[in-house]
Visitor: 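Structure incoming, see below.
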Amino acid sequence: PPPPPPLFFLITRLPPRATLLPSTSLFLSADDLGAVLTALAPYADDYKTYIDDAVELLEKNVSDAGYTSWGSANADSTAMALMAYSALDDQEKADKAYDLLCKFESKTTGVFTYDGEENALATKDALTALGYYTDHLIGRIVIDPDDPTEPTTKKNAEKTTANKSTKETTQIGRAHV
């Protein structure tokens, strides 16, 4: 059999679903949840229950100011959420986290802030998350073979392909009539 995934040690020690509720402190900050979700994303099919639970809990750590840790919205926690949603290919939540992360960018220097002050760790976390987000967006781009000058997204490409197949079937059916 193939070797277990790199996260096998962590996953086999995750508590049962019932203990991943807000009554415990395990994996409840946006930072922890973001890291766990990012790590589990490549194995999403195998760990769907854990991922669904963690996403639900992560969404309890968000305010209009950003994702929170210890009750305070900050760039680091928001970056971890962006990284997680990008790794999970959740476009809507990744876009929301991106918009919130941009609120922490310094208007003068372009670095990211923590508690209103420019911060190297916040900037590192933000840049890491932005890398995941960029990879996520690039992974969604598909070149239409009929018009290579018009890139589209995977969802649009699937609809376009489905529409073309329907049209081709209709045209073929008419040609034989």
Side-chain angles (χ1 to χ4, degrees), residues 7 10-11 14-45 47-142 151-159:
L7 296 170
L10 169 67
I11 294 165
L14 283 173
R17 179 183 175 141
T19 60
L20 277 177
L21 297 174
S23 60
T24 69
S25 61
L26 184 62
F27 300 130
L28 290 183
S29 74
D31 300 52
D32 293 338
L33 291 164
V36 168
L37 284 167
T38 301
L40 289 177
Y43 313 102
D45 293 339
Y47 300 101
K48 183 172 178 8
T49 302
Y50 288 115
I51 289 171
D52 290 347
D53 289 349
V55 166
E56 182 180 332
L57 291 172
L58 182 55
E59 285 304 300
K60 292 181 180 183
N61 285 297
V62 66
S63 70
D64 291 339
Y67 284 82
T68 62
S69 181
W70 296 94
S72 174
N74 62 77
D76 301 283
S77 300
T78 304
M80 294 303 285
L82 174 60
M83 196 164 65
Y85 291 136
S86 296
L88 290 168
D89 197 30
D90 187 328
Q91 181 73 42
E92 183 179 335
K93 286 184 172 82
D95 288 344
K96 174 184 169 185
Y98 172 80
D99 290 341
L100 291 169
L101 182 61
C102 288
K103 292 180 177 184
F104 294 100
E105 184 180 4
S106 169
K107 303 301 181 225
T108 57
T109 63
V111 300
F112 287 81
T113 62
Y114 187 90
D115 203 19
E117 300 291 322
E118 293 178 357
N119 184 283
L121 182 59
T123 300
K124 181 207 71 85
D125 287 345
L127 291 174
T128 301
L130 290 170
Y132 272 83
Y133 186 61
T134 300
D135 288 348
H136 159 74
L137 292 175
I138 290 171
R140 297 184 66 80
I141 296 173
V142 177
T152 185
T153 64
K154 283 183 182 178
K155 287 185 180 181
N156 290 340
E158 290 167 6
K159 289 178 186 175

Visitor: Output all residues satisfying side-chain contact (heavy atoms from CB on, under 4.5 Å) with Ser63, sequence neighbours left out; order by chain, then residue number.
Guide: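 Here the qualifying residues are Ala65, Thr68, Ala73.
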Visitor: Which heavy-atom pair separates Ala94 from Leu82 by the least distance, and what is that distance?
Guide: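 So the minimum-distance heavy-atom pair works out to O-CD1, 3.3 Å.
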Visitor: Relative to the ring of Tyr50, is the ring of Tyr47 parallel (under 30°), tilted (30 to 60°) or perpendicular (over 60°)?
Guide: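 Correct class here is tilted.
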Visitor: Could you pull out all residues at least two apart from Asp31 that satisfy salt bridge (charged side-chain N to carboxylate O under 4.0 Å, His left out)?
Guide: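 Testing Asp31 for salt bridge (charged side-chain N to carboxylate O under 4.0 Å, His left out), a comparison that skips the adjacent residues, returns none.
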Visitor: Could you tell me which non-hydrogen atom of Pro42 sits nearest to which non-hydrogen atom of Ala39, and how far apart they are?
Guide: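 Scanning both residues, the minimum pair turns out to be CD-O, 3.4 Å.
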Visitor: When you compare the side chains of Asp52 and Thr49, does any donor N or O come within less than 3.5 Å of an acceptor on the partner?
Guide: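 On atom types as modelled, these side chains do not qualify, holding no pair under 3.5 Å.
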Visitor: So which pairs with a foot in residues 59-87 pass ring pair (Phe, Tyr, Trp, His ring centres under 6.0 Å), sequence neighbours left out?
Guide: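 Those involving residues 59-87 do not exist here.
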Visitor: For the side chain of Asp32 and the backbone of Ala30, is there at least one donor-acceptor N/O pair under 3.5 Å apart?
Guide: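 Flag not set: sc Asp32 to bb Ala30 has no pair under 3.5 Å.
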Visitor: Within this structure, what is the CG-CG distance for the pair Asp89 and Leu137, rounded to the nearest 0.5 Å?
Guide: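 Rounded to the nearest 0.5 Å, the CG-CG separation comes out at 9.5 Å.
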Visitor: With rounding to the nearest 0.5 Å, note down the distance linking OG in Ser106 to CD in Glu117.
Guide: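 One finds 10.0 Å between OG of Ser106 and CD of Glu117.
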Visitor: Does some side-chain heavy atom of Asp90 sit less than 4.5 Å from a side-chain heavy atom of His136?
Guide: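 No, too far: nothing below the 4.5 Å cut-off.
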Visitor: Run the side-chain donor-acceptor check on residues 96-104: report pairs under 3.5 Å with partners two or more places apart or on a different chain.
Guide:
from	atom 1	to	atom 2	distance (Å)
Lys96	NZ	Glu59	OE1	3.3
Lys103	NZ	Asp64	O	2.5

Visitor: Got a second to check how far Thr109's OG1 is from Glu118's CD, nearest 0.5 Å?
Guide: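 Between atom OG1 of Thr109 and atom CD of Glu118 there are 3.0 Å.
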Visitor: Within the structure provided, determine whether Leu121 and Asp76 are in side-chain contact (heavy-atom separation under 4.5 Å).
Guide: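 Side-chain contact under 4.5 Å: yes.
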Visitor: With side chains defined as the heavy atoms from C-beta onward, is the minimum distance between Ser69 and Asn61 less than 4.5 Å?
Guide: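 Not in contact.
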Visitor: Using side-chain contact (heavy atoms from CB on, under 4.5 Å) as the criterion, point out the one residue from Thr38, Leu40, Leu33 that pairs with Val36.
Guide: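 Only one option passes, and that is Leu40.
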Visitor: My understanding is that only residues two or more places apart in sequence, or in another chain, count here; which of them pass side chain to side chain donor-acceptor pair (under 3.5 Å) with Asp135?
Guide: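 By the side chain to side chain donor-acceptor pair (under 3.5 Å) rule, Asp135 matches no residue at all.
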Visitor: Quick check: closest heavy atoms across Leu88 and Ile51, and the distance to 0.1 Å?
Guide: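 Minimum heavy-atom contact is CD2-CG2, 4.0 Å.
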Visitor: Between OG of Ser29 and CG of Leu58, what distance do you get to the nearest 0.5 Å?
Guide: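 Those atoms lie 9.0 Å apart.
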Visitor: Could you pull out all residues at least two apart from Thr78 that satisfy side chain to side chain donor-acceptor pair (under 3.5 Å)?
Guide: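 In terms of side chain to side chain donor-acceptor pair (under 3.5 Å), with neighbours along the sequence ignored, Thr78 is linked to no residue.
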Visitor: What closest approach, in Å, do Ala84 and Leu37 show between heavy atoms, and which atom pair accounts for it?
Guide: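 The pair with the smallest heavy-atom distance is CB-CB, 3.6 Å.
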Visitor: Working to the nearest 0.5 angstrom, can you tell me the gap between Met83 CE and Tyr132 OH?
Guide: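 So the gap between those two atoms works out to 5.5 Å.
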Visitor: Does Tyr133 have more than 12 heavy atoms from other residues, nucleotides or ligands lying within 6.0 Å of its OH?
Guide: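 Yes, OH of Tyr133 has more than 12 neighbouring heavy atoms, counting only those of other groups under 6.0 Å.
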Visitor: Rounded at 0.5 Å granularity, tell me how far OG in Ser77 sits from CG in Asp125.
Guide: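 Answer for the OG-CG pair, Ser77 versus Asp125, is 8.5 Å.
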